[in-house]
Amino acid sequence: MRQSQLFTKTRKEIPSDETSKNAELLIRAGFIHKEQAGVYSILPLGLMVVSKIKQIVSEEMKSVGSTELLMSSLQSKELWEKTDRWNDEKVDVWFKSQLKNGTEVGFGWSHEEPITSLMTYHVKSYNDLPVYVHQFQNKLRNEVRAKAGIMRCREFIMKDMYSYSTNEEEHMNFYNKTIEAYKKVFERVGLGGNTFVTSASGGVFTDKFSHEFQTICDAGEDNIYVHKDGKLALNEEVFNDKTLADLNVEKSDFEMKKAAEVGNIFTFGTKKCEELGLYFNDSDGEKKGVFLGSYGIGITRLMGVLAEVFSDDKGLSWPKEVSPFHVHLVRLGVNGTTVSFADKVYDDLKSNGFTVLYDDRDLRAGEKFADSDLIGIPVRFVISDKTVAEEKIEVKKRKESESEVVSLDVALKNL
RNA sequence: CGGAGUGUAGUGUAACGGCUAACAUUCCUGUUUUGGGAACAGGCGACUCUGGGUUCGAAUCCCAGCACUCCGACCA
């Protein structure tokens with residue numbers, strides 16, 4: 001798109017009410033807008049990043065056999081009472097309201113209950129299982145304290161996936177496939193090297209262990225212990241003598257790191273489905289409870305982690321896979337030849353299937369470069385009165401300081 | 001939810017209890033400029049978070065509320 005049509009403005013000044021790097025940069029560059037503490041609107045550039053992340057997650061979820069749906073945000077009290085999770089003493093993040101007639105409703109902070117209830121209408125037999133579904137949805141959680149920019153919000157986008165299996169073995173098969181799929185997600189968004197699968201407690205979800213995906217990041221809220229082999233990692237909450245003994249490892253082989261939880265997976269077992277009346281008839285005619293698993297990735301939090309990890313003193317620096325555009329085409333100068341050449345390159349890039357942010361504004365070079373660095377598209381093409389004579393383009397990568405002047409054909413190889 | 005701090009043009013800051021609340025930036029007009037956030041001139045923009053109180057006089061002091069940030073507790 002033409003940058004002259006992008007309504008968002010960049011800011012030089014750091015917002016005084018933000019101290020986290022992710023929020024500072026994302027706000028300054030025009031990716032998000034703060035509405036309240038822990039509540040952010042997503043602006044066009046931010047939405048492009050969110051869409052890229054969603055696309056990657058969606059592809060990987062589909063690769064393990066999940067189909068996408070979209071649950072409602074308003075939820076009924078009765079369902080959550082069946083599993084004893086309506087009570088504010090049990091779940092303290094509920095936002096609740098009531099209908100005009102006094103009926104109480106909750107705003108979805110998670111969807112195990114409603115989606116399991118939904119499944120009772122569709123799952124009757126072992127022939128109907130397994131079922132894997134996921135959605136991208138705005139979760140509402142009444143966090144006592146929002147913090148760290150978009151890392152912990154009261155409203156945020158989450159991918160949640162649910163698996164319904166006939167037995168534990170079938171469940172574990174999917175669970176393990178999902179671990180691999182999650183690893184691919186984090187590799188694809190550029191965080192493969194610093195994201196660890198860690199064992200953690202199940203929290204309010206389950207009595208069993210769960211697995212978290214933790215990305216090493218100063219803005220994170222968790223402390224994890226990474227084993228020197230680089231493969232095993234444990235959350236602080238389960239880093240104790242018993243766990244170490246169970247795993248047969250030495251405490252001294254671990255190093256503590258600050259990390260942000262970008263994904264997690266839980267095994268529920270059959271209890272919740274039984275509480276909500278989700279049973280199936282097995283091949284021998286026996287009625288059995290369905291085996292449930294739950295799998296989350298915080299999409300907006302992931303954007304925050306990406307901003308934290310991929311940025312420098314000049315601004316954001318997106319990995320190629322999640323950048324809002326493939327290339328930032330910066331035009332310097334307004335003489336006719338330069339403009340028409342830049343317009344042509346813009347059209348050529350688009351027709352080659354690339355997404356382009358075309359800085360067609362009549363501003364000085366310094367301001368354009370500063371904006372370009374701040375927004376952080378990985379590749380910049382500069383067209384100016386200097387380069388236009390030979391119909392060349394100056395290519396500069398966001399992470400590098402040198403640039404080269406080449407023809408369009410050569411420049412394309414950088415994308 | 002405990003503790004600490006901060007609320008002044010869109011943004012970032014200043015102003016001893018005392019003149020029309022200042023400066024920078026953004027934005028608007030114009031001139032000149034055009035490879036790292038240009039220069040000059042003019043202009044718009046603030047009931048100083050809200051409500052009380054002290055005082056001849058409050059952005060400034062006091063109280064309450066609200067908002068925001070940080071620390072802790074909590075936490076997918």
Side-chain angles (χ1 to χ4, degrees), chain A residues 7-20 23-24 27-30 33-39 85 88-94 108-112 137 139-149 151-161 200-206 210-214 219-223 235-237 260-266 268 294-302 313-315 330-335 338-339 359 361-375 380 382-388 394 396 401 403 405:
Chain A
F7 74 90
T8 55
K9 281 191 176 56
T10 56
R11 290 196 210 172
K12 271 189 235 182
E13 313 282 356
I14 295 170
S16 63
D17 64 345
E18 296 284 3
T19 55
S20 69
E24 280 177 14
I27 289 172
R28 283 185 55 216
H33 173 79
K34 183 181 200 163
E35 302 291 349
Q36 309 170 10
V39 181
R85 293 212 291 176
D88 290 331
E89 303 287 314
K90 297 277 167 54
V91 174
D92 67 356
V93 295
W94 271 117
W109 61 278
S110 185
H111 281 75
E112 285 88 10
Q137 224 239 8
K139 302 296 183 203
L140 295 160
R141 294 189 185 179
N142 199 348
E143 295 283 354
V144 282
R145 185 182 161 202
K147 60 189 289 195
M151 301 288 278
R152 164 132 46 157
C153 285
R154 300 202 166 92
E155 179 174 353
F156 58 96
I157 303 172
M158 173 162 137
K159 184 284 301 180
D160 44 330
M161 179 165 73
S201 75
V204 296
F205 286 94
T206 165
S210 65
H211 285 101
E212 294 176 341
F213 290 75
Q214 295 274 3
E221 298 184 68
D222 293 328
N223 290 323
N235 193 296
E236 187 173 42
E237 63 196 19
E261 183 185 346
V262 288
N264 58 32
I265 60 180
F266 295 95
F268 273 93
S294 168
Y295 316 79
I297 292 179
I299 302 295
T300 40
R301 176 181 285 180
L302 188 49
D313 58 336
K314 288 181 175 169
V330 176
R331 189 190 74 207
L332 303 181
V334 292
N335 81 50
T338 307
V339 172
D359 193 348
R361 302 171 302 168
D362 180 16
L363 296 174
R364 297 171 63 84
E367 196 171 346
K368 290 191 166 202
F369 290 147
D371 272 357
S372 176
D373 288 338
L374 180 57
I375 291 169
R380 179 201 294 165
V382 179
I383 289 175
S384 70
D385 300 343
K386 280 187 192 172
T387 67
V388 74
E394 179 181 321
K396 182 185 170 303
S401 52
S403 59
V405 178

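Below, chain A is the first sequence line, B the second, and so on; all start at residue 1. Only this structure's heavy atoms are used, side chains among them; waters, hydrogens and symmetry mates stay out.
Put simply, CZ on A:Arg361 is 14 Å from C1' on B:rU26, counting in whole angstrom units. The CG atom of A:Asn223 sits 14 Å away from the C1' atom of B:rC75 (whole-angstrom rounding). The CD-P distance, from A:Glu13 to B:rU25, rounds to 10 Å in whole Å. Rounded to whole Å, atom C1' of B:rG10 lies 10 Å from atom NZ of A:Lys9. Across the protein-nucleic acid pair, A:Leu363 atom CG and B:rU33 atom P stand 18 Å apart, rounded to whole Å. Across the protein-nucleic acid pair, A:Glu18 atom CD and B:rC70 atom P stand 7 Å apart, rounded to whole Å. Atom pair A:Glu143:CD and B:rC70:P shows a separation of 14 Å (rounding to whole Å applied).
Between B:rC16 and B:rU6, the two P atoms lie 16 Å apart (nearest whole Å). Distance check on atom P: B:rA38 versus B:rU26 gives 8 Å, rounded to whole Å. Across B:rG37 and B:rA22, the matching P atoms stand 30 Å from one another, rounded to whole Å. When the C1' atom is used for both B:rA46 and B:rA14, the distance is 14 Å, rounded to whole Å. As rounded to the nearest Å, B:rG36 and B:rU20 have P atoms that lie 46 Å from one another.
Remark: B:rU55 base-pairs with no nucleotide; criterion is Watson-Crick or G-U wobble with both hydrogen-bond distances under 3.5 Å.
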Practice item. Would you give a per-nucleotide map of nucleotides 36-43 of chain B, 5' to 3', where B means the base has a protein non-hydrogen atom under 4.0 Å away, S means only the sugar-phosphate does, and - means neither? Key: BBB-----
